[in-house]
Each structure stands twice: as C-alpha cells, then as structure tokens.
Amino acid sequence: MSTLEPQPERQPEMTAGSDQAVEILLVEDNPNDVQLTLHALNRSRLTNRIQVVRDGAEALEFLFATGAYAHREGSDSPKVVLLDLKLPRVDGMEVLREIRADPRTKTIPVVVLTSSREERDIAQTYGLGANSYIVKPVDFEQFAEAVRQLGLYWVLLNQRAPANDLESFPSGMASPAAVE
C-alpha cells in the first residue's frame, strides 16, 4: 500500500444506513460532482447503499478496511467503484493500481468517471484494468442519464465473479465448470 502522510482524523461519510452492504463506492473530491452524482442516482432510485469518499487514501482505507474503516468487514466489497482520477493524497491511477493488485479487490468493477479526455489517461486506466472510462458530461441531464445507466448496469444487471473460483484461476477467469 502507498506510504501516506499523517492526516487529521476523518469521519466516514455514508449516504445510507450502515446496516446494509455498500453497493457503490463513489470516490470524488469535488462536492458539486458528489451532489450531482447522488442526485442522479436518487432520480434512478439507486441511492440505497452508497459510500462517498473524498480522496484516494480514504478510498483505499474503505476498500481494505483500515484506518477510519477498520471496523468494516473487508470481505464486504462494493458492487462497483466510481473513481475520479484527479484526487488529493493518492490519485485515481494509484487507487486503481492497488485495487487490481490485491486478490480481495481485483475483480471489483471500476468505472473511471472523470473530466479528463486525455488519450494518455484513457490508455493508462484501461492498461491498469479499469472496466469503463466515462468523461463527465457538462450538461446535467446528460450527466444524470450517464450515472443512471451506470447504476442500472453495474448494480442491477452485472453478475459478480464468484469468490471461490478466483483463487484457482490467477487471471481471475471463471472456472470451466462455471462457463458451461
């Protein structure tokens, strides 16, 4: 894990009751983008179990159940991570790199949701294992529709990889029995 400078104690922010498993981890430092994303998910009735973190270090703490999130069950991972690239403390590329490097998190779908249109960023995130790269639309209606579609697909339709098959297949591919 990355070496981090000591930071003041943060209180975890959760948009839903803590008795339910988190389905969406939103990693975003811009308060306006957080509010727009939550509003768009709310319009689609997908805000039941969302965790918002404000920087890359906090995202890693949440995913690996350390620091302010040490009380969390580490095996209780979100169905999808919505990840901004330009983050304080630990940038989105490093968060993605660490997610993919750890067997506990390597199969969590990661959707990069960023304002960067740079080909270098797009190529690098896919090279690190991002599942999708979406440039944030400037228009709210377009943004709301993009977030709605993301939530519907990744939370409701996408099937997660079975945890018991992952250890047998280092690449994360499903076992032959699961494919038949």
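Sequential numbering from 1 along the given sequence is applied to the chain's residues. All values below were derived from every heavy atom in this structure, side-chain atoms included, with hydrogens, water molecules and symmetry-related copies excluded. Worth saying up front: this structure is predicted, and the values here are computed from it rather than measured.
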> Is any side-chain heavy atom of Val53 closer than 4.5 Å to one of Leu26?
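Not touching, per the 4.5 Å side-chain cut-off.
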
> Kindly write out the residues that satisfy salt bridge (charged side-chain N to carboxylate O under 4.0 Å, His left out) with Arg120, not counting sequence neighbours, or none if the list is empty.
Glu118

> Please assess Leu63 against Ile99 for the test side-chain contact (heavy atoms from CB on, under 4.5 Å), listing each intermediate value before the final yes or no.
CA-CA 8 Å; Leu63 288 165; Ile99 289 171; 3.6 Å; yes

> Can you find a heavy atom in the side chain of Val111 that is under 4.5 Å from one in the side chain of Val81?
no

> Looking only at non-hydrogen atoms, find the nearest pair between Pro88 and Asp55 and report the distance.
O-CB, 3.3 Å

> Give, for atom OG1 of Thr114 and atom CD of Glu28, the distance between the pair rounded to the nearest 0.5 Å.
8.0 Å

> Is a donor on one side and an acceptor on the other found under 3.5 Å between the side chain of Arg89 and the backbone of Gly56?
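Such a contact is absent between Arg89 side chain and Gly56 backbone.
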
> Could you tell me which non-hydrogen atom of Ala59 sits nearest to which non-hydrogen atom of Leu25, and how far apart they are?
O-CD2, 4.4 Å

> Starting at OG of Ser115, measure out to CD1 of Ile134 and round the result to the nearest 0.5 Å.
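Taking OG in Ser115 and CD1 in Ile134, the distance rounds to 13.5 Å.
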
> With side chains defined as the heavy atoms from C-beta onward, is the minimum distance between Leu82 and Val27 less than 4.5 Å?
no

> Can you list the steps and then say if Lys86 with Ser116 is a side-chain contact (heavy atoms from CB on, under 4.5 Å)?
CA-CA 9 Å; Lys86 311 291 191 247; Ser116 174; 4.2 Å; yes

> Starting at CZ of Arg97, measure out to CD of Gln124 and round the result to the nearest 0.5 Å.
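Taking CZ in Arg97 and CD in Gln124, the distance rounds to 6.0 Å.
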
> I want to check something: taking the side chain as every heavy atom from C-beta on, are Leu38 and Asn42 in contact at a cut-off of under 4.5 Å?
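The answer is no, as the side chains (C-beta and beyond) never meet within the 4.5 Å cut-off.
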
> Can you tell me how the ring of Tyr133 sits relative to the ring of Tyr126, calling it parallel under 30°, perpendicular over 60° and tilted otherwise?
tilted

> How many angstroms lie between NZ in Lys106 and CD in Glu98, if you round to the nearest 0.5 Å?
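Between atom NZ of Lys106 and atom CD of Glu98 there are 15.5 Å.
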
> Which heavy atom of Gly92 sits nearest a heavy atom of Leu83, and at what distance?
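That closest heavy-atom pairing would be O-CD2, 3.4 Å.
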
> In plain terms, say whether Glu61 and Arg72 are close enough for a salt bridge, that is, a side-chain N and a carboxylate O under 4.0 Å apart.
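Looking at Arg72 together with Glu61, the answer is no, because their closest N to O distance does not fall below 4.0 Å.
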
> Hey, are the side chains of Leu85 and Asp91 touching, using non-hydrogen atoms and a 4.5 Å cut-off?
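Side chain of Leu85 against side chain of Asp91, heavy atoms only: no contact under 4.5 Å found.
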
> Side-chain contact test, heavy atoms from C-beta onward, threshold under 4.5 Å: evaluate it for Arg54 versus Val52 and give yes or no.
yes

> Are the charged groups of Asp33 and Lys136 less than 4.0 angstrom apart, N to O?
yes

> Please report the interatomic distance CD(Glu94) to CG(Leu87), rounded to the nearest 0.5 Å.
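Interatomic distance, Glu94 CD to Leu87 CG, rounded to 0.5 Å: 11.5 Å.
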
> Output the distance between atom CG (Asp102) and atom CD1 (Ile108), rounded to the nearest 0.5 Å.
9.0 Å

> Hey, are the side chains of Arg100 and Val110 touching, using non-hydrogen atoms and a 4.5 Å cut-off?
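Answer yes - side chains close enough.
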
> Between Asp84 and Leu113, is there a side-chain heavy-atom distance shorter than 4.5 Å?
no

